Amino acid sequence: MARRFLVTGGAGYIGSHLVALLCARGEDVVVLDNLSTGHRAALPDGVRLVVAELADQAAVDGLLAEGNWDAVFHFAALSEVGASMREPYRYLLDNAMLGTQLIAACVRHGVRRFVLSSTAAVFGSAAVSPIAEDAPIDPGSPYGESKHMLERALYWAGRIDGLHSGVLRYFNAAGADPSGRLGEDHDPETHLIPLAIDAALGRRPPLLVFGTDYATPDGTCIRDYVHVADLAEAHLLALDHLTPGGDQNRDPDRVHEGGVTWNLGTETGHSVLEVLQAVARVAGRPVPHEPAPRRPGDPPVLVASARRIRAEAGWQPRHPALDDIVRTAFAWREAHPNGYGD
Ligand code: UDP
């Protein structure tokens, strides 16, 4: 029998890739999205979309009261490090407060499993690399802080109310559904790979390289780019591990009560200049770029250790190579100059 899932932010970039995967497996999916950054066209036919704000408690309550939810996947959030440095309270309120409200509503309505889209930004300028789940938490931005606040809310929801939760800390989500149906479409776009592709295609001015004086081999920031379809797969693994009773063998010191915390990355770092080279290889033409000041809030290096999810769930990224990731992003971008066109 199909399971029933609520996906907040399911019309967004990463959420829509999970929705497609769940639908392909015959699951029953309902999406809650305010369409501020998501796109109706990113959803498969037949998926029920409820257009509402997360702040609309009556709408959220009404939906959860329908019952029979096997899990809630919570993607809906503001997601830019740079913007969070300019609007810290908006980030803290929207992400942490509304997310906590959602967790409380899930508990009230008897939802047993909850998977949170968290982020490598909880680690800030981590002294270690690669970063394991138990590395010191030190968010370098209100964005990272807001997600960590939700991780803690889930810890307490697990401890007090028995909510089983998965905290998935994405490193840099990138690429597009290999079938070409889904991709990245932000307005304004702020992410490196789509901007670099557009610069290579002559659709935008030269890419600004934010900071060329970091203590890294070529002076630019290093990130761990992970394919969005591999992130989607990790959500299904998290779900399997949140089956009540399924986590009994876990070491309680290493995971929060009744749940899993996993870092999701390929364990390989690439500098901004290396990404520009990969885009140039795929596009067959150089990426015009110029140096620019550092972007506030950016840690110099963020590379994941994915040892835990590999060991616990056998996760193996299908698209670990940067050129493959860029190739799927390029194919989508080239075919959809206006994104979803809405
Ligand atoms: N970046 C850049 N120029 C841009 C956009 C991003 O140099 O126009 C850099 C950014 O400073 C960071 C890396 O590219 O070091 C990845 O940034 P992105 O915004 O894609 O993801 P984030 O790491 O913020 O999640």
Side-chain angles (χ1 to χ4, degrees), residues 12-14 37 75 77-88 91 95 117-126 129-131 139-148 168-176 183-201 203-228 231 263-266 268-280 287-304 322 325-326 328-330 332-333:
Y13 172 43
I14 308 175
T37 59
F75 290 86
L78 303 170
S79 64
E80 286 168 32
V81 168
S84 81
M85 297 297 279
R86 296 189 297 274
E87 300 182 274
Y91 267 71
N95 285 1
S117 299
S118 190
T119 170
V122 301
F123 295 110
S125 303
S129 190
I131 303 171
S141 64
Y143 168 61
E145 188 74 50
S146 69
K147 291 287 185 166
H148 184 56
L168 301 187
R169 295 178 179 144
Y170 313 149
F171 281 60
N172 283 60
E184 188 165 10
D185 177 8
H186 295 113
D187 184 20
E189 187 54 74
T190 63
H191 294 102
L192 178 62
I193 291 177
L195 288 178
I197 290 171
D198 279 2
L201 292 173
R203 292 178 184 158
R204 287 185 196 263
L207 183 106
L208 300 178
V209 177
F210 296 145
T212 53
D213 59 350
Y214 285 99
T216 58
D218 67 17
T220 65
C221 284
I222 293 177
R223 295 286 180 275
D224 182 339
Y225 296 88
V226 52
H227 198 281
V228 64
L231 292 181
N263 289 353
L264 301 181
T266 63
T268 306
H270 295 284
S271 72
V272 173
L273 294 182
E274 285 171 351
V275 170
L276 300 191
Q277 287 158 10
V279 172
V287 180
H289 62 278
E290 52 195 54
R294 292 182 177 195
R295 187 174 67 178
D298 271 346
V301 181
L302 285 175
V303 178
L322 181 60
I325 293 173
V326 170
T328 58
F330 186 83
W332 157 263
R333 203 102 190 142

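Whatever order the structure lists ligands and atoms in, that order sets their numbers, starting from 1. The structure presented is a predicted model; accordingly, all values stated were derived computationally and were not measured.
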Q) Hey, which residues fall under 4.0 Å of ligand 1 on heavy atoms? A) N172, T190, H191, L192, L195, L207, L208, V209, F210, C221, R223, Y225, V272, R295, D298

(Q) Angle between ring planes, H191 versus H186, binned at 30° and 60°: parallel, tilted or perpendicular? (A) tilted

Q) Measuring from H270:NE2 to I325:CD1, what's the distance to the nearest 0.5 Å? A) 7.0 Å

Q.
Can you pull out every side chain to side chain donor-acceptor pair (under 3.5 Å) where at least one residue sits in residues 78-87? Sequence neighbours excluded, please.
A. E87-R90

(Q) Test of understanding: with side chain to side chain donor-acceptor pair (under 3.5 Å), list the residues that count as partners of N172, not counting sequence neighbours. (A) none

Q. Of all residues at least two apart in sequence or in a different chain, which pass the side-chain contact (heavy atoms from CB on, under 4.5 Å) check with F210?
A. L208, A292, R295

Q: Give, for atom CZ of R203 and atom CG of D198, the distance between the pair rounded to the nearest 0.5 Å.
A: 5.5 Å

